[in-house]
Amino acid sequence: MLDIKFIRENPETVKKAILEKAAKLNLDALLELDAKIMALRKETEEVQAEANRVAKKIPKADVAARGEMVAQGKNLKTKLTDLEPTLRNLEAQLRDLMLEVPQIPWAGAPVGADESFNLEIKKVGTPRVFDFTPLDHVALIEQNGWGELERISRISGTRSYALKGDLAVYEQALLRFAFDQMIAAGFTAMTVPSYAREEVFTAHGQFPAARDQVYEMEGSELFLSGTAEVLLNSLHADEILAEDDLAAAYVAISPCFRAEAGAAGKDTRGLIRVHQFNKVEQYVLCKADSRESEKWFDTLLANAESLLQALELPYRLLETSTGDMGTGKVRMIDLESWVPSENRYRETHSCSALHDWQARRANLRYRDAEGKVRHAFTLNNTALATPRILVMLLENHQNPDGTVNIPVAVQPYMNGKTKLEMTKRRS
RNA sequence: GGAGGGGUGCCAGAGCGGUUGAAUGGGACGGUCUCGAAAACCGUUGUAGGUGCAAGCCUACCGUGAGUUCGAAUCUCACCCCCUCCGCCA
């Protein structure tokens, strides 16, 4: 959400953002509605003030004069019962429109309506040249008895996964590895529920636009979150923090759920796109200052890069275009890791700066050094998400004999094991 | 799941349907005093919107929403949350 005052004063800037982000929103209609509300609100407040004056005088008035005054109060009340519902209705309409106003993208973002305009800005590592015919991750899992991909789909449906043997342990090891790395980087460790109320998703920005991507738990008014970011963003909702409380940098681990509506038939094979996964997430709440935000953006990005480097994966950075970064974002860089079987990079991380867009929705504020109450800025990035990262780890680190090497950095989390080995059958 | 108690400002806590945006205490901040500090004393300590050069004034907010009333923190209803006891339980 943007500040309505900012929108009033900078309609052209906002219109440009709407255009660049390919949003469907009529800003003139929004401004017209806003003007209408301002006028109606003024009228209503004047009647209310008059009604308050009358009501205040009644207890001090002569008993004889009271009848007349009560009648006057009743009359004003009738006027209010005409005005107030209309006002409230218009305000609700404006709120709905305000939720759709995009954040202004930073000047450096490539302008374009979709991901085809994204710009590769950095490449680290070189894709491995195999001197044997490498397998894809599904084949590796099947050959080594590292999962129950077919059986679990019969139980839980498509886009489900079940891991077995060393790979089941590896998933947990990676999550803990990433969690520890982030704690070492000074982030506060957290666990959060994977579900929350509707208003939490609205505050985050996922509702109303992407509501169909979220599972609703019938009969409970709760929804399953696709990322811990949703929950973290509302942790301090409606509070006014002290400036000293900022920046708050959290690393949270949680199971994540995504409906993947509209992705039918896409990435149905293997571990790339599943309904339930695990994610270690970086989330930062900082002062309302673009330089501060930039500083944290760089930090979140560096954290993700150092994790990928520790995992010995080739990756690249994409500066995402205005149309691909999402409604609420100022800037987004996707980190994509190399997938040998597809001969291309695929997204494993996404680093975002939103300035006050989420904070306004969540009413996340702090008191600055001058005592002024301001909306904070928020940022987030993946630290590590499984099982998708397993696709890259399995395929890039495979050996001719079908075993898979474990990066040195993760070996301590695997009890010193250096390779993932075939699951032994027990008769 | 059953029974009860409660949600007021940074915290604790008062509040007959009418000058209560809210007593009192604590904390925090500023000042006096002091070489400095403590103590003591004095003062300050809402959020959002509107209006005004400004001082100020107006409107809303005492968990949330609806209602009763000329007037609601105070009455009614629904919902949310917290606490205690019992039951069940990883």
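Order of the sequence lines sets the chain letters (A, B, ...), proteins ahead of strands, with each chain counted from 1.
Counting any heavy atom pair closer than 4.0 Å across all strands shown, Arg66(A) reaches no nucleic acid atom.
Within the structure, no pair that satisfies the salt bridge (charged side-chain N to carboxylate O under 4.0 Å, His left out) test touches residues 64-83 of chain A, not counting sequence neighbours.
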Scan nucleotides 81-83 of chain B against the protein and return all N/O pairs shorter than 3.5 Å with their distances rounded to 0.1 Å.
from   : atom 1 : to        : atom 2 : distance (Å)
C81(B) : OP1    : Arg197(A) : NH2    : 2.4

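Within the 4.0 Å cut-off from OP1 or OP2 of A60(B), at least one side-chain nitrogen or oxygen of Gln48(A) is found. Within the 4.0 Å cut-off from OP1 or OP2 of C70(B), at least one side-chain nitrogen or oxygen of Lys74(A) is found. Between Arg367(A) and C10(B) there is no side-chain N or O to OP1 or OP2 distance below 4.0 Å. Phosphate contact (OP1/OP2 of C58(B), side-chain N/O of Asn52(A), threshold under 4.0 Å): absent.
Here the C1' atom of nucleotide C58(B) and the CD atom of Glu43(A) are 15 Å apart, to the nearest Å. The distance from atom CD of Glu46(A) to atom P of U59(B) is 11 Å, rounded to the nearest whole Å. Spacing between atom CG of Leu94(A) and atom C1' of A48(B) amounts to 15 Å, rounded to whole angstrom units.
Partner assigned to G4(B) is C83(B), using Watson-Crick or G-U wobble distances below 3.5 angstrom.
Applying the side-chain hydrogen bond (donor to acceptor under 3.5 Å, both in side chains) rule to Thr320(A) yields no partners; only residues at least two apart in sequence or on another chain are considered.
Below 30°, between 30° and 60°, or above 60°: for Trp296(A) and Phe187(A) the angle between ring planes is above 60°, a perpendicular geometry. Ring orientation note: the planes of Phe207(A) and Phe223(A) are nearly perpendicular, at an angle over 60° on the 30°/60° scale.
Remark on RNA chain B: of its neighbouring residues Val70(A) and Glu50(A), the 5'-side contact belongs to Glu50(A), judged by nearest-heavy-atom nucleotide. Sequence order on RNA chain B of the closest nucleotides to Ile240(A) and Ala71(A) puts Ile240(A) first from the 5' end.
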Under the criterion side chain to side chain donor-acceptor pair (under 3.5 Å), I'd like the reasoning laid out for Ser194(A) against Ser225(A): C-alpha separation, chi angles, the key distance, then a yes or no. CA-CA 5 Å; Ser194(A) 295; Ser225(A) 72; 5.0 Å; no
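As rounded to the nearest Å, U20(B) and C58(B) have P atoms that lie 14 Å from one another. The same atom, P, is picked in G25(B) and in C79(B); the two are 40 Å apart, to the nearest Å. Comparing G6(B) with U51(B), their C1' atoms sit 41 Å apart, to the nearest whole Å.
Nearest heavy atoms, Gly402(A) versus Asn144(A): O-ND2, 2.9 Å.
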One character per nucleotide, please: for nucleotides 49-54 of chain B, 5' to 3', B when the base has a protein heavy atom closer than 4.0 Å, S when only the sugar-phosphate does, - otherwise. BS----
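Counting heavy atoms of neighbouring residues, nucleotides and ligands inside a 6.0 Å radius, atom OH of Tyr315(A) exceeds 12 of them.
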Show me the donor-acceptor pairs within less than 3.5 Å that the side chains of residues 2-23 of chain A make with the rest of the protein, sequence neighbours left out.
from     : atom 1 : to        : atom 2 : distance (Å)
Asp3(A)  : OD1    : Lys5(A)   : N      : 3.1
Arg8(A)  : NE     : Asp34(A)  : OD2    : 2.6
Arg8(A)  : NH2    : Asp34(A)  : OD1    : 3.1
Arg8(A)  : NH2    : Asp34(A)  : OD2    : 3.4
Asn10(A) : ND2    : Phe6(A)   : O      : 3.0
Lys15(A) : NZ     : Asp28(A)  : OD1    : 3.0
Lys15(A) : NZ     : Asp28(A)  : OD2    : 3.4
Lys21(A) : NZ     : Gln103(A) : O      : 3.1
Lys21(A) : NZ     : Gly326(A) : O      : 3.1
Lys21(A) : NZ     : Thr327(A) : O      : 3.0
Lys21(A) : NZ     : Lys329(A) : O      : 2.5

Taking distance alone, no hydrogens or angles, what donor-acceptor pairs closer than 3.5 Å link side-chain atoms of residues 156-167 of chain A to residues at least two apart or in another chain?
from      : atom 1 : to        : atom 2 : distance (Å)
Arg159(A) : NH1    : Lys266(A) : O      : 3.1
Arg159(A) : NH1    : Asp267(A) : O      : 3.2
Arg159(A) : NH1    : Arg273(A) : O      : 3.3
Arg159(A) : NH2    : Ala263(A) : O      : 2.7
Arg159(A) : NH2    : Lys266(A) : O      : 2.9
Ser160(A) : OG     : Ser156(A) : O      : 3.4
Ser160(A) : OG     : Gly157(A) : O      : 2.9
Tyr161(A) : OH     : Glu171(A) : OE2    : 2.6
Lys164(A) : NZ     : Glu148(A) : OE2    : 2.9
Asp166(A) : OD1    : Lys417(A) : NZ     : 3.1
Asp166(A) : OD2    : Lys417(A) : NZ     : 2.9
Asp166(A) : OD2    : Glu421(A) : N      : 2.7

